[in-house]
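All values below come from the heavy atoms of this structure, side chains included, with hydrogens, waters and symmetry mates left out. We name chains A, B, ... by the order of the sequence lines, and we start the count at 1 in each one.
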Amino acid sequence: MEKIRVRFAPSPTGELHIGGARTALFNWLFARHSGGKMILRIDDTDRQRSSQEYFSSILESMKWLGLTWDEGPDIGGDYGPYIQSENLHKYRELAEQLVRDGKAYYCFCTAEQLEAEKEKQRQKGQPPRYSGRCRLLSEEERERRKLNESYVIRFITPREGETVVEDIIRGRVAFENKIFDDFIIIKSDGLPTYNFASVIDDHNMAISHVIRAEEHLSNTPRQIIIAHSLGFQVPLYAHVPMILAPDHSKLSKRHGATSVQEYRDMGILPEALVNYLALLGWSPGEDKEIMDIKEIVDLFSLERVSKNPAIYDIKKLTWLNGYYLRTLKLEKITERALPFMQRKFNINTERNTAKYKEIERIIDLVRDRVKTLQEMADASNYFFEDDFQYDEKGVKKHFRKEGVGEVLTEVSHVLQRVEPFEAEKIRDELHDLGRKLNVSLSRINLPTRLALTGRTMGPELFDIISLLGKDRVINRLKKARELFELS
RNA sequence: GGCCCCUUCGUCUAAUCGGUGAGGACACCAGCCUUUCAAGCUGGCAGCAGGGGUUCAAAUCCCCUAGGGGUCACCA
(Lines give C-alpha, C1' and ligand atoms only; values in the text may rest on other atoms or scores of the structure.)
Protein backbone atom coordinates (compact mmCIF):
# COMPACT_ATOMS: atom_id res chain seq x y z
CA MET A 1 0.00 0.00 0.00
CA GLU A 2 1.11 3.47 -0.78
CA LYS A 3 2.12 5.80 1.95
CA ILE A 4 -0.67 7.76 3.49
CA ARG A 5 -0.27 11.48 3.06
CA VAL A 6 -3.05 13.97 3.76
CA ARG A 7 -3.12 17.71 3.66
CA PHE A 8 -5.04 20.56 5.16
CA ALA A 9 -4.99 23.50 2.77
CA PRO A 10 -6.60 26.62 4.20
CA SER A 11 -6.58 29.90 2.37
CA PRO A 12 -5.35 32.78 4.52
CA THR A 13 -8.40 34.93 3.95
CA GLY A 14 -9.82 34.71 7.46
CA GLU A 15 -9.36 33.17 10.86
CA LEU A 16 -9.44 29.42 11.19
CA HIS A 17 -13.11 28.77 11.73
CA ILE A 18 -14.91 25.86 13.31
CA GLY A 19 -15.56 24.07 10.04
CA GLY A 20 -11.97 24.42 8.91
CA ALA A 21 -10.74 23.26 12.28
CA ARG A 22 -12.90 20.18 12.08
CA THR A 23 -11.57 19.40 8.59
CA ALA A 24 -8.03 19.87 9.84
CA LEU A 25 -8.79 17.64 12.80
CA PHE A 26 -10.16 14.82 10.66
CA ASN A 27 -7.13 14.98 8.40
CA TRP A 28 -4.86 14.95 11.38
CA LEU A 29 -6.70 12.09 13.08
CA PHE A 30 -6.59 10.03 9.93
CA ALA A 31 -2.87 10.63 9.50
CA ARG A 32 -2.04 9.88 13.11
CA HIS A 33 -4.26 6.84 13.23
CA SER A 34 -2.74 5.33 10.12
CA GLY A 35 0.83 6.38 10.71
CA GLY A 36 0.72 8.68 7.70
CA LYS A 37 1.90 12.23 7.18
CA MET A 38 -0.01 15.42 7.79
CA ILE A 39 0.85 18.26 5.46
CA LEU A 40 -0.07 21.89 5.87
CA ARG A 41 -0.35 23.86 2.68
CA ILE A 42 -1.40 27.45 2.22
CA ASP A 43 -3.72 28.04 -0.72
CA ASP A 44 -3.17 31.75 -1.18
CA THR A 45 -4.06 32.21 -4.82
CA ASP A 46 -6.59 34.87 -3.97
CA ARG A 47 -4.26 37.82 -4.05
CA GLN A 48 -6.92 40.30 -2.93
CA ARG A 49 -8.00 38.65 0.26
CA SER A 50 -4.99 36.72 1.48
CA SER A 51 -2.97 38.24 4.26
CA GLN A 52 0.05 37.52 6.38
CA GLU A 53 -1.96 38.10 9.55
CA TYR A 54 -4.41 35.35 8.76
CA PHE A 55 -1.59 33.07 7.76
CA SER A 56 -0.01 33.43 11.20
CA SER A 57 -3.29 33.25 13.01
CA ILE A 58 -4.30 30.01 11.30
CA LEU A 59 -1.00 28.38 12.21
CA GLU A 60 -1.39 29.58 15.76
CA SER A 61 -4.92 28.22 16.03
CA MET A 62 -3.84 24.84 14.76
CA LYS A 63 -0.98 24.68 17.22
CA TRP A 64 -3.29 25.70 20.03
CA LEU A 65 -5.57 22.81 19.13
CA GLY A 66 -2.60 20.50 19.07
CA LEU A 67 -2.91 19.74 15.37
CA THR A 68 0.70 19.36 14.37
CA TRP A 69 1.99 18.85 10.84
CA ASP A 70 4.92 16.97 9.43
CA GLU A 71 5.52 19.22 6.46
CA GLY A 72 4.45 22.79 6.00
CA PRO A 73 5.39 26.37 5.18
CA ASP A 74 7.11 27.01 8.50
CA ILE A 75 9.04 23.75 8.75
CA GLY A 76 9.54 22.82 5.12
CA GLY A 77 9.69 19.28 3.78
CA ASP A 78 10.65 17.38 0.66
CA TYR A 79 7.59 18.31 -1.35
CA GLY A 80 7.60 22.09 -1.19
CA PRO A 81 6.86 24.81 -1.71
CA TYR A 82 4.00 24.63 0.78
CA ILE A 83 2.67 28.03 -0.16
CA GLN A 84 0.99 28.20 -3.52
CA SER A 85 2.09 31.74 -4.30
CA GLU A 86 5.66 30.43 -4.30
CA ASN A 87 4.85 27.88 -6.95
CA LEU A 88 3.32 30.10 -9.61
CA HIS A 89 5.71 29.22 -12.43
CA LYS A 90 4.72 25.57 -12.06
CA TYR A 91 1.02 26.21 -12.58
CA ARG A 92 1.78 28.52 -15.45
CA GLU A 93 4.02 25.99 -17.09
CA LEU A 94 1.46 23.21 -16.87
CA ALA A 95 -1.31 25.45 -18.11
CA GLU A 96 0.73 26.36 -21.14
CA GLN A 97 1.53 22.76 -21.72
CA LEU A 98 -2.21 22.08 -21.78
CA VAL A 99 -2.65 24.87 -24.31
CA ARG A 100 0.04 23.36 -26.52
CA ASP A 101 -1.65 19.97 -26.24
CA GLY A 102 -4.94 21.51 -27.35
CA LYS A 103 -6.54 20.87 -23.97
CA ALA A 104 -6.85 24.50 -22.96
CA TYR A 105 -7.02 27.89 -24.65
CA TYR A 106 -6.60 31.59 -24.13
CA CYS A 107 -9.76 33.54 -23.57
CA PHE A 108 -10.04 37.28 -24.02
CA CYS A 109 -13.62 37.78 -23.03
CA THR A 110 -14.13 40.65 -20.64
CA ALA A 111 -16.07 40.48 -17.42
CA GLU A 112 -18.78 42.65 -19.01
CA GLN A 113 -19.16 40.36 -21.98
CA LEU A 114 -19.42 37.32 -19.77
CA GLU A 115 -21.94 38.98 -17.50
CA ALA A 116 -24.12 39.93 -20.48
CA GLU A 117 -23.92 36.40 -21.80
CA LYS A 118 -24.94 34.95 -18.47
CA GLU A 119 -27.80 37.37 -18.11
CA LYS A 120 -29.15 36.31 -21.47
CA GLN A 121 -28.96 32.68 -20.52
CA ARG A 122 -30.68 33.33 -17.25
CA GLN A 123 -33.54 35.02 -19.00
CA LYS A 124 -33.94 32.05 -21.25
CA GLY A 125 -33.99 29.87 -18.20
CA GLN A 126 -30.74 28.21 -19.14
CA PRO A 127 -27.91 27.49 -16.74
CA PRO A 128 -25.17 30.12 -17.01
CA ARG A 129 -22.32 28.60 -18.93
CA TYR A 130 -19.46 29.95 -20.94
CA SER A 131 -20.06 29.58 -24.66
CA GLY A 132 -16.53 28.50 -25.53
CA ARG A 133 -16.31 31.29 -28.06
CA CYS A 134 -12.58 31.97 -27.67
CA ARG A 135 -11.77 28.35 -28.32
CA LEU A 136 -12.38 29.09 -31.98
CA LEU A 137 -9.94 31.97 -32.26
CA SER A 138 -7.31 31.55 -34.93
CA GLU A 139 -3.74 31.21 -33.78
CA GLU A 140 -2.91 34.44 -35.49
CA GLU A 141 -5.64 36.41 -33.77
CA ARG A 142 -4.79 34.84 -30.46
CA GLU A 143 -1.11 35.80 -30.67
CA ARG A 144 -1.99 39.32 -31.73
CA ARG A 145 -4.43 39.91 -28.87
CA LYS A 146 -2.14 38.38 -26.28
CA LEU A 147 0.18 41.31 -26.81
CA ASN A 148 -2.08 43.98 -25.42
CA GLU A 149 -5.22 42.40 -24.00
CA SER A 150 -5.57 40.67 -20.71
CA TYR A 151 -6.61 37.08 -20.89
CA VAL A 152 -7.32 33.95 -18.91
CA ILE A 153 -6.65 30.32 -19.72
CA ARG A 154 -9.64 28.05 -19.93
CA PHE A 155 -9.71 24.30 -19.75
CA ILE A 156 -11.57 22.36 -22.43
CA THR A 157 -14.07 20.07 -20.79
CA PRO A 158 -15.31 16.88 -22.45
CA ARG A 159 -18.85 17.05 -23.81
CA GLU A 160 -19.66 13.41 -23.41
CA GLY A 161 -19.36 10.64 -20.89
CA GLU A 162 -19.33 10.96 -17.16
CA THR A 163 -16.82 11.51 -14.42
CA VAL A 164 -17.05 9.43 -11.30
CA VAL A 165 -15.89 10.39 -7.85
CA GLU A 166 -15.20 7.41 -5.64
CA ASP A 167 -15.75 8.85 -2.21
CA ILE A 168 -14.85 6.96 0.94
CA ILE A 169 -17.73 8.47 2.85
CA ARG A 170 -20.36 8.75 0.13
CA GLY A 171 -19.56 5.96 -2.24
CA ARG A 172 -19.75 6.37 -5.99
CA VAL A 173 -20.92 9.77 -7.19
CA ALA A 174 -21.32 10.25 -10.92
CA PHE A 175 -21.47 13.54 -12.88
CA GLU A 176 -22.34 13.92 -16.51
CA ASN A 177 -19.57 15.73 -18.30
CA LYS A 178 -21.90 17.84 -20.39
CA ILE A 179 -22.81 19.92 -17.35
CA PHE A 180 -19.36 21.48 -17.26
CA ASP A 181 -18.35 24.51 -19.26
CA ASP A 182 -14.81 25.53 -20.10
CA PHE A 183 -13.71 26.79 -16.73
CA ILE A 184 -10.79 29.04 -15.96
CA ILE A 185 -7.53 27.56 -14.74
CA ILE A 186 -5.34 30.65 -14.93
CA LYS A 187 -6.81 34.00 -13.95
CA SER A 188 -6.02 37.26 -15.69
CA ASP A 189 -3.61 38.17 -12.91
CA GLY A 190 -1.64 35.10 -13.89
CA LEU A 191 -2.55 33.14 -10.75
CA PRO A 192 -4.13 29.72 -10.94
CA THR A 193 -7.65 28.99 -9.75
CA TYR A 194 -8.30 26.65 -6.90
CA ASN A 195 -9.38 23.72 -9.03
CA PHE A 196 -6.17 23.86 -11.02
CA ALA A 197 -3.62 24.62 -8.34
CA SER A 198 -4.83 22.11 -5.83
CA VAL A 199 -4.79 19.27 -8.35
CA ILE A 200 -1.19 20.06 -9.20
CA ASP A 201 -0.10 20.42 -5.60
CA ASP A 202 -1.92 17.34 -4.43
CA HIS A 203 -0.09 15.42 -7.11
CA ASN A 204 3.30 16.97 -6.47
CA MET A 205 2.93 16.41 -2.77
CA ALA A 206 1.94 12.78 -3.33
CA ILE A 207 -1.27 13.26 -1.41
CA SER A 208 -3.01 9.92 -1.03
CA HIS A 209 -6.30 11.04 0.55
CA VAL A 210 -8.05 14.34 0.04
CA ILE A 211 -10.22 14.88 3.09
CA ARG A 212 -12.21 18.10 2.90
CA ALA A 213 -15.66 19.61 3.39
CA GLU A 214 -18.62 18.51 1.33
CA GLU A 215 -18.87 21.86 -0.39
CA HIS A 216 -16.03 20.64 -2.56
CA LEU A 217 -17.80 17.54 -3.78
CA SER A 218 -19.30 19.29 -6.79
CA ASN A 219 -15.88 20.60 -7.75
CA THR A 220 -14.23 17.25 -7.56
CA PRO A 221 -15.13 16.00 -11.07
CA ARG A 222 -13.50 19.10 -12.54
CA GLN A 223 -10.36 18.31 -10.63
CA ILE A 224 -10.44 14.71 -11.73
CA ILE A 225 -10.76 15.77 -15.34
CA ILE A 226 -7.76 18.05 -14.96
CA ALA A 227 -5.77 15.32 -13.26
CA HIS A 228 -6.53 12.91 -16.07
CA SER A 229 -5.53 15.39 -18.73
CA LEU A 230 -2.24 15.97 -16.96
CA GLY A 231 -1.67 12.26 -16.60
CA PHE A 232 -1.90 12.32 -12.82
CA GLN A 233 -3.24 9.53 -10.70
CA VAL A 234 -6.20 10.80 -8.68
CA PRO A 235 -6.10 10.60 -4.91
CA LEU A 236 -8.80 8.98 -2.81
CA TYR A 237 -11.51 11.39 -1.70
CA ALA A 238 -13.46 11.74 1.51
CA HIS A 239 -15.96 14.57 1.68
CA VAL A 240 -16.97 15.23 5.25
CA PRO A 241 -20.36 16.77 6.01
CA MET A 242 -20.67 20.49 6.64
CA ILE A 243 -21.22 22.11 9.98
CA LEU A 244 -24.37 24.23 10.02
CA ALA A 245 -25.70 26.93 12.31
CA PRO A 246 -28.70 26.25 14.58
CA ASP A 247 -30.99 27.80 11.96
CA HIS A 248 -29.66 25.29 9.40
CA SER A 249 -27.87 27.95 7.41
CA LYS A 250 -24.18 28.16 6.77
CA LEU A 251 -22.27 29.09 9.90
CA SER A 252 -21.38 32.78 9.80
CA LYS A 253 -20.51 35.73 11.97
CA ARG A 254 -24.08 36.48 12.84
CA HIS A 255 -24.32 33.16 14.65
CA GLY A 256 -21.80 34.32 17.25
CA ALA A 257 -18.33 32.97 17.69
CA THR A 258 -17.16 31.00 14.67
CA SER A 259 -13.39 31.15 14.83
CA VAL A 260 -11.05 29.10 16.94
CA GLN A 261 -9.49 32.31 18.26
CA GLU A 262 -12.82 33.49 19.59
CA TYR A 263 -13.34 30.28 21.48
CA ARG A 264 -9.91 30.54 22.96
CA ASP A 265 -10.65 34.10 24.07
CA MET A 266 -13.89 32.97 25.66
CA GLY A 267 -12.03 30.52 27.80
CA ILE A 268 -12.77 27.30 25.97
CA LEU A 269 -10.09 24.67 26.44
CA PRO A 270 -8.49 23.07 23.39
CA GLU A 271 -9.20 19.65 24.87
CA ALA A 272 -12.91 20.42 24.94
CA LEU A 273 -13.01 21.92 21.46
CA VAL A 274 -11.16 19.00 19.93
CA ASN A 275 -13.39 16.50 21.70
CA TYR A 276 -16.50 18.35 20.61
CA LEU A 277 -15.38 18.80 17.02
CA ALA A 278 -14.53 15.11 16.77
CA LEU A 279 -18.08 14.29 17.79
CA LEU A 280 -19.49 16.49 15.06
CA GLY A 281 -19.90 14.07 12.20
CA TRP A 282 -18.06 11.19 13.72
CA SER A 283 -18.69 8.77 16.55
CA PRO A 284 -16.64 5.92 17.91
CA GLY A 285 -19.53 3.50 17.57
CA GLU A 286 -19.91 2.88 21.25
CA ASP A 287 -21.66 4.99 23.83
CA LYS A 288 -18.65 7.10 24.47
CA GLU A 289 -18.50 10.88 24.31
CA ILE A 290 -15.67 12.06 26.47
CA MET A 291 -12.40 11.10 24.91
CA ASP A 292 -8.93 12.53 25.06
CA ILE A 293 -7.09 13.06 21.84
CA LYS A 294 -5.10 9.87 22.12
CA GLU A 295 -8.24 7.83 22.42
CA ILE A 296 -9.81 9.58 19.46
CA VAL A 297 -6.76 8.85 17.34
CA ASP A 298 -7.05 5.19 18.28
CA LEU A 299 -10.72 4.95 17.42
CA PHE A 300 -10.93 7.23 14.40
CA SER A 301 -11.84 5.99 10.94
CA LEU A 302 -13.26 7.69 7.86
CA GLU A 303 -15.79 4.89 7.47
CA ARG A 304 -17.46 6.02 10.66
CA VAL A 305 -17.86 9.61 9.52
CA SER A 306 -21.52 10.36 8.98
CA LYS A 307 -22.95 11.67 5.74
CA ASN A 308 -25.37 14.26 7.01
CA PRO A 309 -24.55 17.80 8.01
CA ALA A 310 -24.28 18.54 11.72
CA ILE A 311 -25.73 21.49 13.51
CA TYR A 312 -23.40 23.28 15.78
CA ASP A 313 -24.57 23.21 19.39
CA ILE A 314 -22.60 25.45 21.67
CA LYS A 315 -24.30 24.08 24.76
CA LYS A 316 -22.70 20.72 24.36
CA LEU A 317 -19.32 22.32 23.80
CA THR A 318 -19.82 24.32 26.95
CA TRP A 319 -20.77 21.23 28.89
CA LEU A 320 -17.64 19.44 27.71
CA ASN A 321 -15.59 22.46 28.61
CA GLY A 322 -17.00 22.41 32.12
CA TYR A 323 -16.13 18.77 32.36
CA TYR A 324 -12.53 19.33 31.34
CA LEU A 325 -12.30 22.37 33.58
CA ARG A 326 -12.96 20.32 36.68
CA THR A 327 -11.18 17.11 35.71
CA LEU A 328 -7.94 18.22 34.09
CA LYS A 329 -4.92 18.61 36.36
CA LEU A 330 -5.11 21.68 38.53
CA GLU A 331 -1.68 22.87 37.38
CA LYS A 332 -2.81 22.76 33.78
CA ILE A 333 -6.03 24.62 34.44
CA THR A 334 -4.18 27.23 36.46
CA GLU A 335 -1.77 27.79 33.63
CA ARG A 336 -4.64 28.25 31.19
CA ALA A 337 -6.65 30.43 33.55
CA LEU A 338 -3.85 32.77 34.46
CA PRO A 339 -4.13 35.07 31.44
CA PHE A 340 -7.81 35.53 32.18
CA MET A 341 -7.08 36.34 35.81
CA GLN A 342 -4.33 38.73 34.88
CA ARG A 343 -6.48 40.53 32.40
CA LYS A 344 -9.37 40.95 34.78
CA PHE A 345 -7.59 41.74 38.02
CA ASN A 346 -4.40 43.24 36.75
CA ILE A 347 -2.33 40.98 38.91
CA ASN A 348 1.19 39.96 38.28
CA THR A 349 2.05 36.42 39.19
CA GLU A 350 4.97 34.19 38.67
CA ARG A 351 5.24 30.52 39.17
CA ASN A 352 6.24 29.16 42.55
CA THR A 353 5.28 32.31 44.40
CA ALA A 354 2.85 32.37 47.29
CA LYS A 355 0.44 34.35 45.18
CA TYR A 356 0.54 31.71 42.49
CA LYS A 357 -0.24 29.03 45.06
CA GLU A 358 -3.14 31.07 46.30
CA ILE A 359 -4.55 31.48 42.83
CA GLU A 360 -4.28 27.78 42.36
CA ARG A 361 -6.38 27.24 45.48
CA ILE A 362 -8.93 29.78 44.30
CA ILE A 363 -9.21 28.05 40.96
CA ASP A 364 -9.64 24.72 42.65
CA LEU A 365 -12.59 26.12 44.59
CA VAL A 366 -14.23 27.89 41.70
CA ARG A 367 -13.68 25.52 38.81
CA ASP A 368 -16.43 23.11 39.81
CA ARG A 369 -19.10 25.64 39.19
CA VAL A 370 -18.13 27.42 35.98
CA LYS A 371 -18.03 26.45 32.33
CA THR A 372 -15.30 28.63 30.87
CA LEU A 373 -12.04 30.23 31.94
CA GLN A 374 -13.64 33.63 31.55
CA GLU A 375 -16.45 32.65 33.89
CA MET A 376 -13.82 31.40 36.25
CA ALA A 377 -12.22 34.81 36.43
CA ASP A 378 -15.61 36.47 36.80
CA ALA A 379 -16.54 34.14 39.62
CA SER A 380 -13.38 34.83 41.60
CA ASN A 381 -13.60 38.59 41.89
CA TYR A 382 -14.05 38.75 45.67
CA PHE A 383 -10.74 37.02 46.18
CA PHE A 384 -8.97 39.83 44.41
CA GLU A 385 -11.00 42.92 45.19
CA ASP A 386 -12.51 44.23 48.42
CA ASP A 387 -14.79 46.55 46.59
CA PHE A 388 -17.56 44.40 45.14
CA GLN A 389 -21.28 44.77 44.61
CA TYR A 390 -23.72 43.04 46.92
CA ASP A 391 -26.40 40.96 45.25
CA GLU A 392 -29.60 42.96 45.57
CA LYS A 393 -31.98 40.10 46.07
CA GLY A 394 -29.61 38.53 48.53
CA VAL A 395 -29.51 41.71 50.58
CA LYS A 396 -33.28 41.74 50.82
CA LYS A 397 -33.41 38.11 51.71
CA HIS A 398 -30.55 37.69 54.12
CA PHE A 399 -29.69 41.11 55.51
CA ARG A 400 -33.18 42.44 56.05
CA LYS A 401 -33.95 40.03 58.77
CA GLU A 402 -34.23 40.37 62.51
CA GLY A 403 -31.00 39.70 64.34
CA VAL A 404 -28.68 39.50 61.36
CA GLY A 405 -26.29 42.06 62.76
CA GLU A 406 -26.03 40.10 65.95
CA VAL A 407 -25.33 36.90 64.06
CA LEU A 408 -22.59 38.52 62.04
CA THR A 409 -21.08 40.00 65.16
CA GLU A 410 -21.06 36.58 66.76
CA VAL A 411 -19.50 35.08 63.63
CA SER A 412 -16.85 37.72 63.80
CA HIS A 413 -16.09 36.95 67.43
CA VAL A 414 -15.93 33.24 66.84
CA LEU A 415 -13.67 33.55 63.83
CA GLN A 416 -11.42 35.94 65.68
CA ARG A 417 -10.47 33.08 67.97
CA VAL A 418 -10.09 30.32 65.39
CA GLU A 419 -6.55 29.13 65.10
CA PRO A 420 -5.30 27.73 62.78
CA PHE A 421 -7.59 29.46 60.35
CA GLU A 422 -8.52 26.36 58.40
CA ALA A 423 -11.73 25.31 56.73
CA GLU A 424 -12.41 22.31 58.89
CA LYS A 425 -11.89 24.16 62.13
CA ILE A 426 -13.98 27.06 60.92
CA ARG A 427 -16.79 24.75 60.01
CA ASP A 428 -16.79 23.16 63.45
CA GLU A 429 -16.80 26.52 65.18
CA LEU A 430 -19.68 27.84 63.11
CA HIS A 431 -21.63 24.67 63.73
CA ASP A 432 -21.11 25.20 67.41
CA LEU A 433 -22.25 28.76 67.08
CA GLY A 434 -25.43 27.59 65.43
CA ARG A 435 -26.17 25.31 68.29
CA LYS A 436 -25.35 27.99 70.83
CA LEU A 437 -27.63 30.54 69.19
CA ASN A 438 -30.16 27.83 68.49
CA VAL A 439 -30.45 28.70 64.78
CA SER A 440 -29.96 26.63 61.65
CA LEU A 441 -26.61 26.78 59.95
CA SER A 442 -28.08 28.51 56.96
CA ARG A 443 -29.10 31.44 59.16
CA ILE A 444 -25.42 31.94 59.81
CA ASN A 445 -23.92 30.94 56.50
CA LEU A 446 -26.10 32.80 54.06
CA PRO A 447 -25.61 36.30 55.50
CA THR A 448 -21.96 35.58 56.14
CA ARG A 449 -21.45 34.51 52.54
CA LEU A 450 -23.17 37.64 51.33
CA ALA A 451 -21.06 39.83 53.56
CA LEU A 452 -17.84 38.19 52.44
CA THR A 453 -18.47 37.76 48.73
CA GLY A 454 -21.46 39.90 47.82
CA ARG A 455 -23.05 36.76 46.46
CA THR A 456 -25.67 34.26 47.51
CA MET A 457 -23.94 31.34 45.92
CA GLY A 458 -20.50 30.02 45.30
CA PRO A 459 -17.96 27.58 46.67
CA GLU A 460 -17.97 26.05 50.10
CA LEU A 461 -18.16 28.94 52.56
CA PHE A 462 -15.60 27.59 55.02
CA ASP A 463 -13.06 27.30 52.24
CA ILE A 464 -13.71 30.86 51.22
CA ILE A 465 -13.26 32.09 54.77
CA SER A 466 -10.06 30.22 55.20
CA LEU A 467 -8.66 31.37 51.88
CA LEU A 468 -9.65 34.99 52.44
CA GLY A 469 -7.77 35.04 55.74
CA LYS A 470 -8.80 36.32 59.11
CA ASP A 471 -8.18 40.02 58.56
CA ARG A 472 -10.13 40.32 55.37
CA VAL A 473 -12.98 38.29 56.81
CA ILE A 474 -13.30 40.38 59.96
CA ASN A 475 -13.09 43.58 57.95
CA ARG A 476 -15.73 42.54 55.48
CA LEU A 477 -18.11 41.46 58.21
CA LYS A 478 -17.69 44.83 59.85
CA LYS A 479 -18.07 46.66 56.59
CA ALA A 480 -21.30 44.87 55.78
CA ARG A 481 -22.74 45.62 59.22
CA GLU A 482 -21.99 49.29 58.84
CA LEU A 483 -22.94 49.62 55.21
CA PHE A 484 -26.33 48.04 55.67
CA GLU A 485 -26.81 49.25 59.24
CA LEU A 486 -27.34 45.77 60.53
CA SER A 487 -28.02 45.46 64.17
C1' G B 1 -33.32 26.80 -12.18
C1' G B 2 -29.63 22.43 -13.68
C1' C B 3 -26.52 19.00 -11.22
C1' C B 4 -24.81 16.65 -6.60
C1' C B 5 -25.28 15.21 -1.44
C1' C B 6 -28.29 14.40 2.84
C1' U B 7 -32.94 13.00 6.12
C1' U B 8 -33.31 8.43 13.59
C1' C B 9 -35.57 12.44 20.05
C1' G B 10 -35.07 20.13 20.02
C1' U B 11 -29.38 19.06 19.05
C1' C B 12 -24.98 15.44 18.29
C1' U B 13 -25.42 10.43 17.36
C1' A B 14 -25.80 4.37 18.07
C1' A B 15 -28.41 0.31 16.17
C1' U B 16 -22.41 -5.58 12.55
C1' C B 17 -25.41 -9.69 7.06
C1' G B 18 -33.29 -6.76 7.56
C1' G B 19 -35.72 -9.62 13.51
C1' U B 20 -33.99 -4.08 19.23
C1' G B 21 -39.06 -2.43 24.56
C1' A B 22 -35.08 2.02 18.69
C1' G B 23 -29.57 2.79 22.89
C1' G B 24 -26.26 6.92 24.65
C1' A B 25 -24.96 12.22 25.28
C1' C B 26 -26.28 17.64 25.54
C1' A B 27 -30.51 20.58 26.67
C1' C B 28 -35.06 20.52 29.55
C1' C B 29 -38.10 18.70 33.93
C1' A B 30 -38.43 16.13 38.78
C1' G B 31 -36.27 13.75 43.05
C1' C B 32 -31.98 12.58 46.14
C1' C B 33 -27.55 14.77 48.30
C1' U B 34 -26.64 19.53 50.78
C1' U B 35 -24.63 25.60 54.52
C1' U B 36 -25.73 28.31 49.01
C1' C B 37 -24.65 27.34 43.88
C1' A B 38 -22.68 23.76 41.13
C1' A B 39 -21.07 18.79 40.60
C1' G B 40 -22.77 13.83 41.33
C1' C B 41 -26.63 10.08 41.49
C1' U B 42 -31.72 8.39 40.17
C1' G B 43 -35.87 8.97 37.19
C1' G B 44 -38.79 11.50 33.33
C1' C B 45 -39.96 14.00 28.56
C1' A B 46 -38.81 13.18 23.48
C1' G B 47 -37.26 10.35 17.44
C1' C B 48 -37.08 6.37 12.56
C1' A B 49 -39.79 13.20 7.20
C1' G B 50 -44.28 11.29 4.25
C1' G B 51 -46.15 7.65 0.76
C1' G B 52 -45.70 3.29 -1.94
C1' G B 53 -43.38 -1.34 -2.76
C1' U B 54 -39.89 -6.08 -1.77
C1' U B 55 -40.15 -9.59 2.52
C1' C B 56 -42.79 -14.21 7.14
C1' A B 57 -40.27 -9.70 9.04
C1' A B 58 -37.96 -2.90 7.10
C1' A B 59 -35.14 2.64 10.84
C1' U B 60 -32.23 -0.79 7.80
C1' C B 61 -33.30 -2.77 0.64
C1' C B 62 -35.92 -0.27 -3.92
C1' C B 63 -39.06 3.77 -5.98
C1' C B 64 -41.64 8.40 -5.53
C1' U B 65 -42.71 12.95 -2.94
C1' A B 66 -41.36 16.62 0.48
C1' G B 67 -37.67 19.20 3.16
C1' G B 68 -32.57 20.74 4.11
C1' G B 69 -27.63 21.63 2.33
C1' G B 70 -23.86 22.21 -1.44
C1' U B 71 -22.31 23.69 -6.27
C1' C B 72 -22.80 25.97 -11.06
C1' A B 73 -16.81 32.65 -9.62
C1' C B 74 -10.95 35.56 -12.89
C1' C B 75 -13.21 32.54 -3.88
C1' A B 76 -11.19 28.67 -1.97
Where the side chain of [X] is defined as all heavy atoms beyond and including C-beta, which of [options] is the nearest nucleotide?
X	options	value
Asp287(A)	A39(B), C12(B), G23(B)	G23(B)
Val173(A)	A38(B), U7(B), C4(B)	C4(B)
Asn308(A)	U36(B), U13(B), A15(B)	U13(B)

Taking the side chain as every heavy atom from C-beta outward, state whether Glu271(A) and Arg336(A) have any pair of such atoms under 4.5 Å apart.
-> yes

Side-chain heavy-atom pair Glu429(A), Val418(A) within 4.5 angstrom cut-off | yes

Can you tell me the distance, in whole Å, between the CD1 atom of Ile314(A) and the P atom of C12(B)?
-> 15 Å

d(CG, Leu25(A); C1', C12(B)) in whole Å = 15 Å

For [N] and [M], measure between their [atom1] atoms and round to the nearest Å.
N	M	atom1	answer
G10(B)	A49(B)	C1'	15 Å
A15(B)	A59(B)	C1'	9 Å
C9(B)	G23(B)	C1'	12 Å
A58(B)	A14(B)	P	23 Å
C41(B)	A27(B)	P	13 Å
C75(B)	U13(B)	C1'	33 Å
C48(B)	G18(B)	C1'	15 Å
G68(B)	U42(B)	C1'	38 Å

So what does [X] touch, heavy atoms closer than 4.0 Å: a base, only the sugar-phosphate, or nothing?
X	result
Phe462(A)	base
Lys371(A)	sugar-phosphate
Ala174(A)	sugar-phosphate
Gly281(A)	sugar-phosphate

Does a distance-only test, which skips hydrogens and angles, find a donor-acceptor pair under 3.5 Å between the side chain of Arg369(A) and the base of C37(B)?
-> yes

Return yes if the base of A25(B) and the side-chain atoms of Lys288(A) contain a donor-acceptor N/O pair under 3.5 Å, otherwise no.
-> no

Determine, for [X] against [Y], whether the closest basic-nitrogen to carboxylate-oxygen distance falls under 4.0 angstrom.
X	Y	answer
Arg41(A)	Asp202(A)	yes
Glu117(A)	Arg133(A)	yes
Glu162(A)	Lys178(A)	no

Residues from residues 436-457 of chain A lying under 4.0 Å of RNA chain B - heavy atoms = Leu441(A), Asn445(A), Leu446(A), Arg449(A), Thr456(A), Met457(A)

Which base sits across from A22(B) as a Watson-Crick or G-U pair, both distances under 3.5 Å?
-> none

Mate of C45(B) across any strand shown (Watson-Crick or G-U wobble, both atom pairs under 3.5 Å) is none

Distance flag, aromatic centroids of [Y] and [X], threshold under 6.0 Å:
X	Y	value
Phe388(A)	Tyr390(A)	yes
Phe26(A)	Phe300(A)	yes
Tyr312(A)	Tyr276(A)	yes

Which sits closer to the 5' end of RNA chain B, Ser306(A) or Gly458(A), going by the nucleotide each is nearest to?
-> Ser306(A)

Using the closest heavy atom to pick a nucleotide of RNA chain B for each, name whichever of Trp319(A) or Lys307(A) lands nearer the 5' end.
-> Lys307(A)

Hey, are Ser61(A) and Glu15(A) close enough side-chain-wise for a donor-acceptor pair under 3.5 Å?
-> no

Consider only side-chain N and O atoms of Arg212(A) and Thr220(A), and report whether a donor and an acceptor are under 3.5 Å apart.
-> yes

Quick one: list whatever passes side chain to side chain donor-acceptor pair (under 3.5 Å) with Tyr151(A), sequence neighbours left out.
-> Arg92(A)

Would you mind building the protein contact string for nucleotides 66-76 of chain B? One character per nucleotide, 5' to 3', B for base within reach (heavy atoms under 4.0 Å), S for sugar-phosphate only, - for untouched.
-> ---BBSSSBBB

